[in-house]
Protein chains: 2
Amino acid sequence: MTTRTDAPTRREQILKEAARLFAERGFHGVGVDEIGAAVGISGPGLYRHFPGKDAMLAELLVGISERLLAGGQLRVSEDAACQDGSPHALLDALIEGHIDFALDDRPLITLHDRELDRLRDADRKRVRQLQRQYVEVWVEVVRELYPDLPEHEARAAVHAVFGLLNSTPHLGRPDAQPDRADTAALLHRLARGAFEAAARP
Amino acid sequence: MTTRTDAPTRREQILKEAARLFAERGFHGVGVDEIGAAVGISGPGLYRHFPGKDAMLAELLVGISERLLAGGQLRVSEDAACQDGSPHALLDALIEGHIDFALDDRPLITLHDRELDRLRDADRKRVRQLQRQYVEVWVEVVRELYPDLPEHEARAAVHAVFGLLNSTPHLGRPDAQPDRADTAALLHRLARGAFEAAARP
DNA sequence: CGCCGAAGTTAACGTTCGCTAACCCGACTG
DNA sequence: CAGTCGGGTTAGCGAACGTTAACTTCGGCG
């Protein structure tokens, strides 16, 4: 785990605020003036950092998808390298990683499946391909763990569990939440239980 | 079950097409001219049926929420009236009903948690209250079935299972789907498995 | 010191959007 | 047969939006 200590660049500030605003009110529901105001500059000043509003959304969505996929692939390779690597532990690691992401980057999770269609064709294809690969990582692990589960059911179950894990934005404001660890543990149990039930006849 | 045989009114046509378009491209991403074109009339003709674009979204969201809640309450009362009513069977009935809704009205499911913030204050409060009541119906049944599950965990689990069941829009185009009954059965198993796992330590 | 480029500003343009106004037409109905 | 009214049309208004242009400010550097 690498931790940043230096201050965020202006670009990063803008991306963070844009993500929050897009998640709250939708891509078309937010004006560039609002995004600018959120970082203390005004409207057109954003164009010193991004070629346009679309580019902000594109960078956000591509970034999310890349990070999710990279995280998943990393855990798979770690499991393969470990001598006692088991599909059971690996699925737990995937679930844990996805939960971390869902709890830490709620606005991005929201955008991820909500504003995809607002992208230019090239970017949308890119994001969709990354998402597909990420799903495939999960499907392979699930099928190794539950060999009797047909592939299309495994894929549907993975999508459904993503919906389950990504439900965190609906869980009330993050400050009023009981405890992050408790929430994570509950979500983990729910996801595991769902997969187990999928494999049962 | 009451089935309609008469032709849909123009109002209903408009609502159906508006739901589809809002779900595809977002509330702000669809113009009134497009909605009109989708039902064969042009733009401002819509104002003979609705006072404004907002009103269409409001009627859609309030309608969904009311139907979901009414369906849930109906199943609870049916279970109470039945002599062999059990919380086990009741939870299954709730799950089944929600799955029917998710599979039959995909665009509405999408709108339901995506465009809520685009409503006028009064309508948004109304929808939120209905949603809260619907969640509460589920929470009560879940807690009766799993008395050891703390209330806040039951509520979080219900939200998460909603996310799971509402994942159907991500399951590829409906025509390419294997079989509706199979999908429903799988989703049902996943939801049951999640609740069971929530109750396990 | 003089210059330059990064990072802002305000003004303004062209487009799009929701909505209203004014008009039209055809089906009932007294 | 005239009147009315539901349901549609087109034209156009005012506001908001994304973007560009022109100008300013300022820190770093030869």
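Letters A, B, ... mirror the listed sequences (proteins, then strands); counts begin at 1. The structure presented is a predicted model; accordingly, all values stated were derived computationally and were not measured.
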Identify the 5'-most and 3'-most nucleotides of DNA chain C with at least one atom closer than 4.0 Å to a non-hydrogen atom of chain A.
-> C:dA7 to C:dA11
Could you tell me whether B:G45 contacts a base, only the sugar-phosphate backbone, or nothing, with contacts defined as non-hydrogen atoms closer than 4.0 Å?
->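 Base, at least one base atom sits under 4.0 Å.
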Identify whether any heavy atom of A:V39 sits under 4.0 Å from a base atom; if not, whether one sits that close to sugar-phosphate; answer base, sugar-phosphate or nothing.
->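 It contacts nothing in the nucleic acid.
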Of all pairs that satisfy ring pair (Phe, Tyr, Trp, His ring centres under 6.0 Å), the ones with a partner from residues 148-172 of chain A, not counting sequence neighbours |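 Found A:H98-A:F162, A:Y134-A:F162, A:W138-A:F162.
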Using a strict cut-off of less than 4.0 Å between a Lys/Arg side-chain nitrogen and an Asp/Glu carboxylate oxygen, indicate whether [X] and [Y] qualify as a salt bridge.
X: B:R126; Y: B:E66; answer: yes
X: A:R132; Y: A:E136; answer: no
X: B:E115; Y: B:R118; answer: yes
X: A:E12; Y: A:K16; answer: no

Got a sec? Which of residues 46-64 of chain A come in under 4.0 Å of DNA chain C, heavy atoms?
-> A:R48, A:H49
Please list residues of residues 117-126 of chain A whose heavy atoms come under 4.0 Å from any atom in DNA chain D, ordered by number; otherwise none.
->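 By residue number: none to list.
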Main chain of [Y], side chain of [X]: is a donor-acceptor contact present, judged purely on distance under 3.5 Å?
X: B:E153; Y: B:P150; value: no
X: A:R75; Y: A:L94; value: no
X: A:R143; Y: A:A154; value: no
X: B:R106; Y: B:A102; value: no

Nearest-Å distance for atom pair CZ/P, residues B:R11 and D:dG7 = 11 Å
What is the distance, rounded to the nearest whole Å, between atom CG of A:D33 and atom P of D:dT19?
-> 12 Å
Run the numbers on A:R67 and A:D105 for side-chain contact (heavy atoms from CB on, under 4.5 Å), then give the verdict.
-> CA-CA 12 Å; A:R67 282 164 50 200; A:D105 294 297; 3.1 Å; yes
Please confirm whether B:K53 makes a cation-pi placement over B:F27, using NZ or CZ under 6.0 Å from the six-membered ring centre and within 45° of the ring normal.
-> yes
Of B:V137, B:V142, B:V135, which meets side-chain contact (heavy atoms from CB on, under 4.5 Å) against B:V139?
->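 The side-chain contact (heavy atoms from CB on, under 4.5 Å) with B:V139 is passed solely by B:V135 among B:V137, B:V142, B:V135.
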Any protein N or O atoms within reach of nucleotides 12-14 of chain D? Criterion: under 3.5 Å, listing atom names and distances.
none

Name the atoms and distances for all side-chain donor-acceptor pairs under 3.5 Å in residues 55-62 of chain A, with sequence neighbours left out.
unit_1 : atom_1 : unit_2 : atom_2 : d
A:E59  : OE1    : A:R11  : NH2    : 2.6
A:E59  : OE2    : A:R11  : NH2    : 2.5

